[in-house]
Amino acid sequence: MQKITDEFMLEMRATTKPYTVVILKKTPKRDEPGADKIIWEHGRRNHALRLDGVIAIVCPVNDGSDVSGVSIFTTNPDDTRKIMDGDPGVIARIFVYEIHPTRTFPGDRLPDPTAS
């Protein structure tokens, strides 16, 4: 492990930019007939938002908990709330969400597990 100096920490902290984390949670409506069709459209919308650069990272969660996904948006919390309020799954009350402002390093990304 590399040694990280206080100077490096301060330098790196100055490079962070604001983002918004969304935690998506399922409601009991998730198990109602027709929900899968709405969730498909929710996924389609997420792909469009990714391609438009609005969502930097989207992570579906399938661990049996009430959390359905975590996303990092490039928008501020108010704009993110407007975007989420237009989500098909939120409109249908299949999902509810939490918004958390955060900061991180632009250009960070998940490693490619297939890369050697």
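We use all heavy atoms of the structure for the numbers below, so side chains are in, but hydrogens, waters and symmetry mates are not. Everything numeric in this text was worked out from a predicted model, so none of it was measured.
Residues satisfying the side-chain hydrogen bond (donor to acceptor under 3.5 Å, both in side chains) criterion with T16, sequence neighbours excluded, are R103. In terms of the side-chain hydrogen bond (donor to acceptor under 3.5 Å, both in side chains) criterion, S71 has no residue partners (sequence neighbours excluded). Applying the side-chain hydrogen bond (donor to acceptor under 3.5 Å, both in side chains) test to D36 and every residue at least two apart in sequence or in another chain returns R30. The side-chain contact (heavy atoms from CB on, under 4.5 Å) check on L51 picks up nothing, with sequence neighbours excluded. Here E41 pairs with R44 under the side-chain hydrogen bond (donor to acceptor under 3.5 Å, both in side chains) rule; sequence neighbours left out.
Within the structure, the side chain to side chain donor-acceptor pair (under 3.5 Å) test picks out the following pairs touching residues 73-83 (sequence neighbours left out): T75-T80, N76-D79. Sorted by first and then second residue, the pairs that involve residues 88-102 and meet salt bridge (Lys or Arg N to Asp or Glu O under 4.0 Å), not counting sequence neighbours, are K25-E98. Sequence neighbours left out, the pairs with a member in residues 45-68 that pass salt bridge (Lys or Arg N to Asp or Glu O under 4.0 Å) are R45-D87.
Considering CG of D6 and CZ of R13, their distance stands at 10.0 Å, rounded to 0.5 Å.
Through ILVMFWY side-chain contacts below 4.5 Å, I91 is grouped with nothing and stands alone. Under the 4.5 angstrom side-chain criterion for Ile, Leu, Val, Met, Phe, Trp and Tyr, the cluster partners of V67 are Y19, V21, I23, I57, V61, V70, I72, L110. With a 4.5 Å cut-off between side-chain heavy atoms of Ile, Leu, Val, Met, Phe, Trp and Tyr, the cluster of Y97 takes in V22, L24, I38, I39, L49, V54, I55, V58, F73, I83, M84, V90, I94, F95, I99.
Atom NE2 of H47 is surrounded by 12 or fewer heavy atoms from other residues, nucleotides or ligands within 6.0 Å.
Under a hydrophobic-cluster definition in which Ile, Leu, Val, Met, Phe, Trp and Tyr are linked whenever side-chain heavy atoms come within less than 4.5 Å, directly or via other members, F8 and L10 are assigned to different clusters.
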